[in-house]
Amino acid sequence: MEKMRMNVLVCGGTGCIASDSEKVAKNLEVIIKARGYDKEVSVVKTGCFGFCEQGPIVKIEPDNIFYVRVGAKDAKEIVDEHIIKGRKVERLLYKDPEDNKPISRQEDIQFYKKQLRVALRNCGFINPEDIYEYIAAGGYEALGKALTQMTRDEVVEEIKASGLRGRGGGGFPTGVKWEITKKQESDVKFIICNADEGDPGAFMDRSILEGDPHSVLEAMAIGGYAIGADKGIIYIRAEYPLAISRLNTAITQAREAGLLGKNLFGTDFSFDITIKYGAGAFVCGEETALINSCEGKRGEPNYKPPYPAQEGYWGHPTCVNNVETFANIPVIITKGSEWFSSIGTENSKGTKVFALAGKINNVGLVEVPMGVTLREIIYNIGGGIQGGRKFKAIQTGGPSGGVLTEKDLDTQIDYNSLLEVGSMMGSGGMIVMDETDNMVNIAKFYLEFTMDESCGRCTPCRIGTKRMYELLNKITSRKGTMADLDALKQLAYMVKDGSLCGLGQTAPNPVISTMKNFWNEYLNLIKDEDHPRGEGKYVPKNKIGMKS
Amino acid sequence: MQIKSLEELKKIKEEYKDRVRLRSQVEGTGDQTEILVGMATCGISSGARETFNAFIEELAEEKLDDVKVITVGCVGYCHSEPTVQVNIKGQKPVLYGNIKKENVHELIEKHIKGGEPVKRFILSTDFEIV
């Protein structure tokens, strides 16, 4: 193959072909040949740029100029102006929809800026079982910087200023948590990593631990230094064998390299990490239950206060942070809080990883800056709904969250706005439902989950979720009455108000939000009307009007 | 070896930097051709281990000793697992999806040996990394 000076990439995706990109490519080739440049400029047909709305797309490399809506007639101008004279063809550049200024670089177009990887920065690019690859990617520099160039207060201040909030779902400011733990007077303190990821359909933490375990270890050491702890514990569910084995490898390698253990970076700070396996109880994601489980007790939550920051593991001040929260810390230390807080919205900074699941085309992990809309996640990044069906609802926040419908799709994602529309950020699971899903069944599914996972400590949650599930079962089997609906609603609020910990307080959310948004589907089941796409086979009443 | 100062860490970073070319958007500068196989739970359950082994076996058979096969984590494209990224010196990395063990031969023949990416497997990467 001869060395080409310039490549002209023409989109050959279905969308662009439909808008005649093949003709554009052909014209470009013919004109380039006619001008005698075919030895140094090649025309390449590429796969879809993912920007079909603006097709046909032509990109010139290495200049990295991006033309949109290129017609067959524009080929001559591109060749004469750009390829031969090296001048951009302004008229064909993409114009920013907001300020109407032309944009020439692909990276600057909003659509491509949707995904930004901070927590997932190394996932898929380094070998997680080789510490040197992590170091080569800039790993452990943040720890070195914190230990040798920053005081403990400076580290806490940096995290506080970054605006980082807990990624496990609660959204409590991480810097404040560290500060409170730091202020406690105690010789022994602990820092715990919460890797008890239990939401159905969520796997962000697992991916981070499997793809980049060292980032969590490094961040825990930084946190330990900041709050004055010399021991870290990773509480991880035993259902994550691969994550556990990679963590163990990582810990061993870090000890060998002197990045865990005594006198890190030649300072007098020592830090080591142990792993504690959880049996996979959902409630152990709640920090007091997690600490109980670490101590070998039953995984049941305690009343707060005292908070773990005051009295945690074996009564010592303990700071519990989530995996994804930790994965953000090294970047904040190396790049600075100012950089981090420039991303996101006013009260939610940085990025968030979401696990897309359900009836969506691109099932997988995405990491987006706070403030993008659900619509962008579903339709741009997620590739839309499977089979071209109609979107019905999206469940965010797992079993603790609520469903959001079409009208909420333009909500900007951050901790506060999601609460306002009746759901929550949660740990980041997003389950997409289409028109064929029956929402009462969805609510029942989540209720079954929380019923199973209720630890049984407090009555409203233990018995309330069970009774709610029974009512839902009755309704979905078309034997319910209006009185059952009332009872279900009343019970939902009772469980919400009366439970001890977050599990019970949020367990009724799927019922409450589906009742609010899809009341008709409940009514259809009560009235025993055939829902066109309801679940199960419709069985009409028998002759004497009784259900079989 | 124990790392005892920031300078030592940075020295190691320089030493190993060529091994990790921040494999996302940048053109590779390393001498070796690399094949990254996504081996998180999602990848393994869709057959990444078989793909991985197929690469190792075929590369050994073909005596392509300068090609390195590396396990990495999940890139987030779980809908198209197993994912495989091919980094060749001086070229932009190419990310492939749905590479079952049957497709390994084609990939080695066309891309690794022939230098032509196999277009039908290419995934478009639409994210930036800090």
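Here is the naming used below: chain letters follow the sequence lines, and residue numbers restart at 1 for every chain.
- Side-chain N or O atoms of R117(A) include one that pairs as donor or acceptor with a backbone N or O of V75(B) at under 3.5 Å.
- Contact check for F265(A) versus L9(B): side-chain heavy atoms found under the 4.5 Å cut-off.
- Residues I12(B) and Y132(A) are in side-chain contact: their nearest non-hydrogen atoms beyond the backbone lie under 4.5 Å apart.
- Residues G73(B) and P128(A) share a closest heavy-atom pair of N-CD, 4.2 Å.
- Judged as a side-chain hydrogen bond (donor to acceptor under 3.5 Å, both in side chains), the pairs with a partner in residues 52-64 of chain B (not counting sequence neighbours) are, in order, E58(B)-H105(B), E62(B)-K113(B).
- The two residues C123(A) and C74(B) make their nearest non-hydrogen contact at CB-O, 3.3 Å.
- To the nearest 0.5 Å, the span separating CG on N127(A) from CD1 on I70(B) amounts to 6.5 Å.
- Of the inter-residue distances, the one linking C78(B) atom SG with F203(A) atom CZ reads 4.0 Å to the nearest 0.5 angstrom.
- Contacts of I122(B) with chain A are absent, with no heavy-atom separation under 4.5 Å from either backbone or side chain.
- Annotation: the span from I135(A) atom CD1 to K10(B) atom NZ amounts to 13.0 Å, rounded to 0.5 Å.
- A distance of 11.5 Å separates OG1 of T41(B) from CD of E239(A), quoted to the nearest 0.5 Å.
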Which pairs would a plain distance check flag for residues 136-145 of chain A, meaning a side-chain donor or acceptor within less than 3.5 Å of a matching protein atom at least two apart in sequence or in another chain?
{"residue": "Y140(A)", "atom": "OH", "partner": "H214(A)", "partner atom": "ND1", "Å": "2.9"}
{"residue": "E141(A)", "atom": "OE2", "partner": "K13(B)", "partner atom": "NZ", "Å": "3.0"}
{"residue": "K145(A)", "atom": "NZ", "partner": "I333(A)", "partner atom": "O", "Å": "2.9"}

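- E210(A) places no side-chain N or O within 3.5 Å of a backbone atom of M39(B) that could act as its donor or acceptor partner.
- When heavy atoms are compared at a cutoff of 4.5 Å, L95(B) does not approach chain A at all.
- The line from NE2 of H79(B) to CG of L356(A) is 8.5 Å long, rounded to the nearest 0.5 Å.
- Contact record, I126(A) with V72(B): O-CG1, 3.2 Å, taken as the closest heavy-atom pair.
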